[in-house]
S.K.: 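My structure is below; once you've seen it, I'll send some questions.
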Amino acid sequence: MHKASKTVDATRLRFVLFGLLVGLLTGGVVAAFRFSIERILGFMQSLYRTATPGIVMLIIIGSIVAGLLVAWLLKSEPNISGSGIPQVEGQLQGELEFHWWSILWKKFVAGIISIGPGLFLGREGPSIQLGAAVGQGVAQGFKKNGADRRIMIAAGAAGGLAAAFNAPIAGTMFVLEEVYHNFSPLVWITSLASAVGANFISLNVFGEVPVLHLVYNRPLPVSLYWHLLLLGALLGVLGFAYQKTLLAMPKLYSFTHIPRALQGLAPFLLVIPIGLLDPAVLGGGNGLITGFNRSIPAFGVLLVIFALRYVFSMVSYGSGLPGGIFLPILSLGAVIGAAYAVLMGDIGWLPRAYEMNLIIFAMAGYFAGIGKAPFTAILLITEMVGNLTNLMAMAVLSLVAYVVVDLLGGAPIYESLLRRMTTKNRLQAIHRMDRLELPVYAGSVLDGMAVRDFKWPKETLLMAIRRGEDSLLPHGDTVIHGGDTLVILTDASRRAAVRKRLHELAEQMSEQEPE
């Protein structure tokens, strides 16, 4: 016993303390961010409700000024655009690097200006990037580098999502499943400590009521689970369409010939008629979701709401404004679930008592399909709604939506956004790269492995997978099969060394597999 006590390693305790420090700081930053957005949104809604011609003119002028200010911030720091999650993922993979203080204050200011007026953007993505910047700053302050620095950045990201949604478990899982792709003990324990610390601050500021508190009377009976298959398939198809539309938006915006930094002026001005028509629909969508507690609109009205939120969330995010898609995805999922439930109720195939169940499940399913992160989706909705009753039904629906998107060829949305961000840098290096073809033999360690699960050397780019007569464009979830030929680009001067390194990595992974 005495000998064992001497071998106790304090590393984990040290990382828990670092995680708590990062989380508490992140909680303070994100709480201020969230509080500012909520107050500005409430003020704008009150302005729209009492709008006179003079007030409308002031709103127009203010929107132009806000758009120009955000454009200036984006021009000085382009990496604050969008949600920030792809940037954090790229940073943890070693593909991108940022100055943490520039990201922190510019994302904070630009995010408040962009989200506060009621654009259909979420606060969660910026909160994750703000948390990652805090983690990077703490790492720099303690002179941490390499793996330690990455762990603290990941912990900050987990704290950011936890504080944004009061969801510490989902915040931790999202970082492990979607952002860092690493389930090592030091990563998850540090991220969990950060998420708990950040959530503690958030609960003290905003209270303990779940962010999307929805009330339903009873669990969905197993006899009605066939609805989960139909709704899951619908969510998968619409989720795939969401991915394709979102990724196409920069190209669509390019047809306007407006400079990229100034494209945000379009949603700033287009949101004004929406606010004048109905101020209650402004914002990321949490008000819309909780409004289902009071009443669920008719089927036709829900279709109009879906079309409006789908189109304008694309216009908002596609402009490059600092804001996320997390909450807009959840609100769209809730509307899809409501529309399905109301339609089935109208034709007598679903008792009205279970409409709220499908609304809740659809939020998880839509995010699981688009983000390709089913565990995060299930945990997130469970924490945000505040009810553990129907985990099984939610898991079934999320799995169906995930599989449908996968069969259609959809990739995780944040991974796709990151690939689009880094394509330019990779293309610039192609002129000095050479082509390397690596056959995959049946029974080898690569046979049956997803692309994301292999530790590719940094100096390589998997360009294609030849399978018979077909050539596949790979993404992280693409599964490699025996008989495939991997087409890899690498630096011409390192061709032989890279081939040898790939064989070594395959052998190492084979040795690590359990017998």
Side-chain angles (χ1 to χ4, degrees), residues 14-42 73 77 79-80 83-85 87-88 91 98-116 121-142 144 149 151-172 174-175 179 189-211 284 286 322-324 326-327 380 383-384:
R14 180 162 48 87
F15 273 93
V16 166
L17 295 176
F18 275 130
L20 283 172
L21 174 60
V22 171
L24 292 172
L25 293 173
T26 297
V29 171
V30 174
F33 184 71
R34 181 176 162 185
F35 181 85
S36 302
I37 289 170
E38 291 180 0
R39 289 298 179 270
I40 293 174
L41 178 60
L73 290 168
E77 181 56 83
N79 292 305
I80 63 170
S83 71
I85 296 174
Q87 289 92 325
V88 175
Q91 187 176 20
F98 315 115
H99 186 271
W100 71 271
W101 176 245
S102 176
I103 293 290
L104 183 63
W105 81 263
K106 291 179 181 178
K107 186 77 168 193
F108 186 92
V109 174
I112 290 173
I113 296 173
S114 299
I115 305 170
L121 296 168
R123 62 176 179 258
E124 66 300 316
S127 297
I128 289 172
Q129 191 175 21
L130 290 172
V134 170
Q136 183 182 345
V138 172
Q140 183 174 314
F142 283 95
K144 299 293 182 182
R149 177 177 179 267
I151 289 172
M152 293 173 76
I153 292 173
L161 182 56
F165 280 157
N166 290 3
I169 308 302
T172 304
F174 181 72
V175 167
V179 179
I189 197 68
T190 311
S191 296
L192 180 60
S194 174
V196 169
N199 192 54
F200 175 78
I201 299 295
S202 181
L203 291 175
N204 277 279
V205 175
F206 300 103
E208 299 182 16
V209 177
V211 174
N286 54 311
F326 228 118
L327 194 53
L380 182 67
E383 288 188 285
M384 292 178 72

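The structure presented is a predicted model; accordingly, all values stated were derived computationally and were not measured. Heavy-atom basis, side chains included; hydrogens, waters and symmetry copies ignored.
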S.K.: Please list, chain by chain and in numerical order, all residues satisfying ring pair (Phe, Tyr, Trp, His ring centres under 6.0 Å) with Phe200, sequence neighbours excluded.
M.R.: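 Not a single residue meets the ring pair (Phe, Tyr, Trp, His ring centres under 6.0 Å) criterion with Phe200.
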S.K.: For a side chain to side chain contact (heavy atoms under 4.5 Å, CB included) check, start with the C-alpha distance between Thr26 and Leu130, then their side-chain angles and the critical distance, and finish with the verdict.
M.R.: CA-CA 7 Å; Thr26 297; Leu130 290 172; over 6 Å; no
S.K.: Minimum heavy-atom separation for Pro168 and Val196, please, with both atom names.
M.R.: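 Residues Pro168 and Val196, closest heavy atoms: CB-N, 4.3 Å.
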S.K.: How many angstroms lie between atom CZ of Arg14 and atom OG1 of Thr190, to the nearest 0.5 angstrom?
M.R.: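 Answer for the CZ-OG1 pair, Arg14 versus Thr190, is 9.5 Å.
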S.K.: At what distance, to the nearest 0.5 angstrom, does CG of Leu20 lie from CZ of Phe15?
M.R.: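 Here the interatomic distance stands at 13.5 Å.
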S.K.: So, do Phe98 and Val88 sit near enough that their side-chain heavy atoms are less than 4.5 Å apart?
M.R.: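 Not touching, per the 4.5 Å side-chain cut-off.
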S.K.: To the closest 0.5 Å, what do you measure between CD1 (Ile128) and CZ (Phe326)?
M.R.: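 Between atom CD1 of Ile128 and atom CZ of Phe326 there are 5.5 Å.
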S.K.: For Thr172 versus Ala195, what's the shortest heavy-atom pair and its separation?
M.R.: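 The answer is OG1-CB, 3.6 Å.
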S.K.: Where is the tightest heavy-atom contact between Pro126 and Gly122, given as atom of each residue plus distance?
M.R.: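 Where Pro126 meets Gly122 most closely, the heavy atoms are CD-O, 3.6 Å.
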S.K.: Check side chain to side chain donor-acceptor pair (under 3.5 Å) between Gln87 and all other residues, then give those that pass, not counting sequence neighbours.
M.R.: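 Here no residue qualifies.
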S.K.: Quick one: CD on Gln140 to CZ on Arg149, what's the gap to the nearest 0.5 Å?
M.R.: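 Between Gln140 CD and Arg149 CZ, I get 8.0 Å after rounding to 0.5 Å.
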S.K.: Once rounded to the nearest 0.5 Å, what's the spacing between atom CG of Asn286 and atom CZ of Arg123?
M.R.: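 If I round to the nearest 0.5 Å, the distance is 5.5 Å.
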S.K.: Counting only pairs under 3.5 Å, give me each side-chain donor-acceptor contact of residues 159-167, with atom names and distances, residues two or more places apart or in other chains.
M.R.:
from   : atom 1 : to     : atom 2 : distance (Å)
Asn166 : OD1    : Arg34  : NH1    : 3.2
Asn166 : OD1    : Ser202 : OG     : 2.5

S.K.: Looking at every non-hydrogen atom in both residues, tell me the closest pair between Gly135 and Val22 and how far apart they are.
M.R.: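 Taking every non-hydrogen atom into account, CA-CG1, 3.9 Å.
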S.K.: Quick one: closest heavy-atom pair of Val175 and Ser191, and the distance?
M.R.: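 Closest approach of Val175 to Ser191, heavy atoms only: CG1-OG, 4.2 Å.
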S.K.: Carefully, step by step, assess Leu104 and Phe108 under the rule side chain to side chain contact (heavy atoms under 4.5 Å, CB included).
M.R.: CA-CA 6 Å; Leu104 183 63; Phe108 186 92; 5.8 Å; no
S.K.: Gln129: which residues meet the side chain to side chain donor-acceptor pair (under 3.5 Å) condition with it, sequence neighbours left out?
M.R.: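 With sequence neighbours excluded, Gln129 shows a side chain to side chain donor-acceptor pair (under 3.5 Å) to Lys107, given in chain and number order.
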S.K.: Take Ile153 and Trp100, measure what side chain to side chain contact (heavy atoms under 4.5 Å, CB included) needs, and give me the verdict at the end.
M.R.: CA-CA 10 Å; Ile153 292 173; Trp100 71 271; over 6 Å; no
S.K.: Going through the distances and angles, do Phe174 and Ile85 end up as a side chain to side chain contact (heavy atoms under 4.5 Å, CB included)?
M.R.: CA-CA 11 Å; Phe174 181 72; Ile85 296 174; 3.9 Å; yes
S.K.: Side chain to side chain contact (heavy atoms under 4.5 Å, CB included) with Leu21: which residues, sequence neighbours excluded?
M.R.: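 For Leu21 the side chain to side chain contact (heavy atoms under 4.5 Å, CB included) partners, ignoring immediate neighbours, are Leu25, Val138, Phe142.
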S.K.: In Å and rounded to the nearest 0.5 Å, what is the CD to CG distance from Glu383 to Asn199?
M.R.: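 Glu383 atom CD to Asn199 atom CG measures 7.5 Å (nearest 0.5 Å).
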S.K.: Taking side chain to side chain donor-acceptor pair (under 3.5 Å) as the definition, give me every residue that meets it alongside Lys106, ordered by chain and number, with sequence neighbours left out.
M.R.: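 So Lys106 forms a side chain to side chain donor-acceptor pair (under 3.5 Å) with Ser76.
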S.K.: Measure across Leu192 and Ile169 and return the closest heavy-atom pair with its distance rounded to 0.1 Å.
M.R.: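 Heavy atoms only, the tightest pair is CD1-CD1, 4.2 Å.
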